[in-house]
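Hydrogens, waters and symmetry mates play no part in the numbers below; they use all other heavy atoms, side chains included.
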4 protein chains.
Amino acid sequence: MDHRITSSTKDEALVKKRLNQLQKGAVQLFKQKGFHRATTREIAKAAGFSIGTLYEYIRKKEDVLFLVCDAVHDEVKTRMENVIDRNSTSEEALRQAVFAYFQIMDEMQDEVLILYQELKALPKEEQEYVMQKEREMVGILERVISNSYANVLDEKNVKLVANNVYVQGQMWGFRRWLIQKEFTLQEYMEMQYQLLKSQLAFQAT
Amino acid sequence: MDHRITSSTKDEALVKKRLNQLQKGAVQLFKQKGFHRATTREIAKAAGFSIGTLYEYIRKKEDVLFLVCDAVHDEVKTRMENVIDRNSTSEEALRQAVFAYFQIMDEMQDEVLILYQELKALPKEEQEYVMQKEREMVGILERVISNSYANVLDEKNVKLVANNVYVQGQMWGFRRWLIQKEFTLQEYMEMQYQLLKSQLAFQAT
Amino acid sequence: MDHRITSSTKDEALVKKRLNQLQKGAVQLFKQKGFHRATTREIAKAAGFSIGTLYEYIRKKEDVLFLVCDAVHDEVKTRMENVIDRNSTSEEALRQAVFAYFQIMDEMQDEVLILYQELKALPKEEQEYVMQKEREMVGILERVISNSYANVLDEKNVKLVANNVYVQGQMWGFRRWLIQKEFTLQEYMEMQYQLLKSQLAFQAT
Amino acid sequence: MDHRITSSTKDEALVKKRLNQLQKGAVQLFKQKGFHRATTREIAKAAGFSIGTLYEYIRKKEDVLFLVCDAVHDEVKTRMENVIDRNSTSEEALRQAVFAYFQIMDEMQDEVLILYQELKALPKEEQEYVMQKEREMVGILERVISNSYANVLDEKNVKLVANNVYVQGQMWGFRRWLIQKEFTLQEYMEMQYQLLKSQLAFQAT
DNA sequence: GATGAATGAGGCTTCATTCAT
DNA sequence: AATGAATGAAGCCTCATTCAT
């Protein structure tokens with residue numbers, strides 16, 4: 001699944017299956033207790049196998065966290081790419097992408113929370129890797145925005161706006177104790193999108 | 001300093017001094033290693049006293065984290081309040097407040113990072129307390145925005161915009177690996193402020 | 001190969017082959033890492049088959065050690081017996097035997113090292129068995145000495161001298177870090193033999 | 001006590017006391033189970049304190065082994081030096097030293113056994129250190145022999161003979177299952193000494 | 001009030017052994 | 001007969017917390 005984690009098992013299909021079990025279980029667990037409070041035994045149990053088997057597929061507890069982070073990004077990215085119409089330059093395309101992104105962030109808020117809070121528990125090198133994935137994600141938003149409003153925004157503004165949108169999506173889950181008390185997802189999406197449009201419209205004048 | 005931490009010591013002045021040492025040392029330490037990786041021995045050492053003494057002033061390791069979180073918020077709040085002109089309703093007042101806020105977030109980025117990442121390491125009750133402080137901070141921004149643009153924005157929009165600004169300030173430090181690679185602080189402040197204004201201006205039309 | 005190890009396999013030829021593979025591989029491995037640090041997986045790999053197969057031929061990890069110890073002794077004994085002229089009583093026969101013994105100890109120093117250091121890792125009963133083999137080896141030397149100098153030495157002296165020679169042979173490999181720094185094998189053999197002769201000669205006076 | 005082991009405790013006298021307890025307890029324990037089979041918990045218990053305290057004075061389990069090896073050598077050396085008359089060149093002085101050495105080896109046979117069998121469990125660097133101590137011990141014997149028979153033996157012969165005596169002393173304990181079945185300590189000492197003298201006498205002719 | 005030695009629960013990880021295929 | 005995935009007991013070590021001085 002990922003070259004960074006060397007498992008002693010040889011059967012590729014099995015490895016994939018096990019790592020998938022592991023990642024699924026770990027997300028549920030980390031959601032409740034966070035990475036640090038979760039013990040390796042609990043991780044194994046959540047994945048549905050024994051502690052011994054766990055260590056057939058990972059080398060260190062941290063590897064599980066990395067697995068989760070990696071999987072989250074991959075899923076977000078895949079889902080975004082399925083939804084984005086790369087050829088369209090219409091405003092509608094932007095709306096569609098932004099709404100889809102917020103929707104995904106809503107569905108994956110637990111995963112995103114983990115990613116946010118535990119990143120620094122990873123070794124430096126793996127942190128870098130995860131950050132790179134974040135850059136790619138922001139890059140996707142940049143492209144969408146830039147496709148829709150290429151004429152009105154300079155590159156730097158696009159970067160900033162994309163980053164803002166990206167963060168706003170994450171904050172929906174991350175600051176749910178505040179935001180979800182005040183807004184429904186519909187409202188949040190709609191309002192943020194209106195604000196976004198007003199920025200773009202204004203720059204265009 | 002805070003009623004939640006009961007120290008067996010009585011001399012108020014000394015307690016204050018010690019807790020201050022503690023908080024200062026802890027921030028430096030958590031900055032480097034994070035809360036979980038820092039041991040109580042290291043915390044004591046960073047504070048300049050022994051492990052035994054540490055436990056004269058706290059009851060659990062978590063108390064130190066709480067202390068730090070609390071202190072960070074207090075400092076941000078104090079500095080913001082010193083800068084804000086509560087009576088002014090001019091656009092200039094908004095600009096001043098936003099710039100000041102970003103400036104503070106820049107200076108305290110390490111502290112804010114800690115606060116962000118370690119919040120869930122606190123017990124539920126203390127989490128609530130810290131969240132409450134966050135709400136207050138957002139509230140301050142709300143008031144400033146609302147004072148300047150009361151006529152053009154409904155309450156809910158103000159809430160959202162204030163929250164966005166608040167998060168953008170934190171992200172300057174939190175996502176420094178991305179943002180600070182692309183923008184200087186000046187640029188970031190200026191551009192975010194322009195975007196903010198365009199939102200407000202647009203709503204006003 | 002040895003009745004102490006019951007393998008579930010029946011084909012005698014195959015068992016022999018496998019146990020031989022196993023013993024050869026294990027010596028190489030133990031040489032590097034010692035018995036305790038070598039894992040059963042590594043042992044299986046060194047033998048050229050899987051962990052599952054390993055356990056078709058042994059029951060416990062210790063069995064491998066026993067196998068090695070046993071094989072070492074057998075080889076030393078066989079080689080000694082090939083070289084010794086049981087009928088000769090001349091001094092030359094002694095010289096020949098002693099030199100041959102030292103030569104063998106030189107060639108098998110790694111194996112002897114293992115035997116020396118890991119003996120107590122065996123269960124008591126197997127220890128006894130190995131010790132018995134040691135006694136036999138010393139016995140061979142006793143006979144050679146006694147054949148050559150029967151008239152001058154009482155039985156007890158022969159026992160002691162034989163034991164000394166036996167140990168000196170082992171020490172060539174076991175204390176190589178000291179002895180092999182100071183002497184070449186030729187020198188060591190020659191000098192030890194001279195000392196041996198002087199003992200015998202003196203007793204004869 | 002030894003710079004190689006860094007204990008977190010500051011009080012020098014206490015450290016010395018604890019390390020002494022530790023070493024004493026460990027010898028008893030290793031005697032029974034060997035180093036590998038002894039758990040850190042058992043080591044702590046044998047030393048009379050908790051596992052936590054154990055790790056206030058050592059960093060790794062291996063350190064305990066090193067401590068033991070070191071202490072054994074130190075004790076042997078000290079006792080030898082107390083007994084040796086450095087000025088005497090008489091044959092009597094040699095006899096005295098050799099007998100004393102065998103006596104010590106008899107009394108410390110368990111310790112010596114440990115040293116012999118577990119040396120390779122130490123990290124390379126520590127092995128070197130222990131070997132150096134062995135060299136010193138052999139050196140002491142060399143000096144005694146050379147003092148008594150300086151005129152008859154060349155340096156290389158002295159080295160060899162000293163090494164032989166040294167090993168013979170250790171073997172009394174190490175091969176007790178063989179030697180102590182056949183000889184009393186008195187006999188062993190006496191006979192080995194006679195052999196030694198015959199070597200020296202013969203060279204002198 | 002301050003100190004730091006002592007404690008032991010509990011975490012991570014390894015690895016001998018088994019067993020279904 | 002051979003394989004290698006699965007198991008879980010058990011080992012090493014850390015570190016938050018206590019308490020006697």
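In this structure, B:Glu42 places its CD atom 13 Å from C1' of F:dA16, rounding to the nearest Å. One can place CZ of D:Phe35 at 8 Å from P of F:dC12, the figure rounded to the nearest angstrom. Summarising the geometry, the separation between CD on A:Glu56 and C1' on E:dT18 is reported as 13 Å, rounded to the nearest angstrom. Residue D:Leu29 contributes atom CG, which lies 14 Å from atom C1' of F:dG11 at whole-angstrom precision. Atom-to-atom, CG of C:Asp63 to C1' of E:dA16 comes out at 12 Å; the value is rounded to the nearest Å. The nearest whole Å value for the distance from the CZ atom in A:Arg41 to the C1' atom in E:dA9 is 13 Å. What separates CD of A:Gln21 from P of F:dA6 is a distance of 9 Å, to the nearest Å. Counting to the nearest Å, the P atom of E:dT3 and the NZ atom of B:Lys45 are 14 Å from each other.
Backbone-only contact: C:Arg18 has heavy atoms under 4.0 Å from sugar-phosphate atoms and none from a base. Across all strands, C:Thr39 comes closer than 4.0 Å only to sugar-phosphate atoms, never to a base (heavy-atom distances). Using a 4.0 Å heavy-atom distance criterion, D:Ala44 is classed as making no nucleic acid contact. When heavy atoms are screened at a 4.0 angstrom cut-off, D:Leu54 is found touching no nucleic acid atom at all.
When each of C:Arg37, C:Gln32, C:Lys33 is checked for a side chain to side chain donor-acceptor pair (under 3.5 Å) with C:Glu42, only C:Lys33 meets the rule. When each of B:Ile114, B:Leu115, B:Asp110, B:Leu67 is tested with B:Val72 by the rule side chain to side chain contact (heavy atoms under 4.5 Å, CB included), just one qualifies, namely B:Leu115.
Counting non-hydrogen atoms of other residues, nucleotides and ligands closer than 6.0 Å to NZ of C:Lys45 gives a total of 12 or fewer. Within 6.0 Å of atom NZ in A:Lys31, more than 12 heavy atoms from other residues, nucleotides or ligands are found, so the atom counts as buried in its surroundings.
Comparing C:Thr53 and B:Thr40 along DNA chain F, the residue whose closest nucleotide (by nearest heavy atom) sits nearer the 5' end is C:Thr53. Take the nearest nucleotide of DNA chain F for D:Gly52 and for A:Gly52: the residue whose nucleotide is more 5' is A:Gly52. Annotation: of the two residues near DNA chain E, D:Phe49 and C:Glu62, the 5′-most nearest-nucleotide partner is D:Phe49. Each of C:Arg37 and B:Ile51 was assigned the nucleotide of DNA chain E with the nearest heavy atom; the assignment lying further toward the 5' end belongs to B:Ile51.
At F:dC13, one or more side-chain N or O atoms of D:Lys60 fall inside 4.0 Å of OP1 or OP2 (strictly under the cut-off). Distances shown here put every side-chain N or O of D:Tyr57 at or beyond 4.0 Å from the OP1 or OP2 atom of E:dA5. The shortest distance between the side-chain N/O atoms of A:Tyr55 and the OP1/OP2 oxygens of E:dT14 is not below 4.0 Å.
Between the base of E:dT18 and the side chain of C:Arg59 there is no donor-acceptor pair shorter than 3.5 Å.
Scanning DNA chain E for stems, defined as runs of 3 or more consecutive Watson-Crick or G-U wobble pairs whose donor-acceptor distances all fall under 3.5 Å, gives the following ranges: E:2-21 with F:2-21.
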Assess whether side chain to side chain contact (heavy atoms under 4.5 Å, CB included) is satisfied between D:Phe49 and D:Leu22, documenting all intermediate values. CA-CA 9 Å; D:Phe49 36 67; D:Leu22 176 52; 4.2 Å; yes
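Salt bridge status for A:Glu56 with A:Arg18: absent, with no side-chain N to carboxylate O gap under 4.0 Å.
By the 30° and 60° cut-offs, the orientation of the rings of D:Phe35 relative to D:Phe30 is perpendicular.
Looking at B:Gln127 and B:Val130, their side chains never come closer than 4.5 Å, going by heavy atoms from C-beta outward.
Closest to the D:Leu14 side chain, of the nucleotides F:dA5, F:dG4, E:dA6, is E:dA6.
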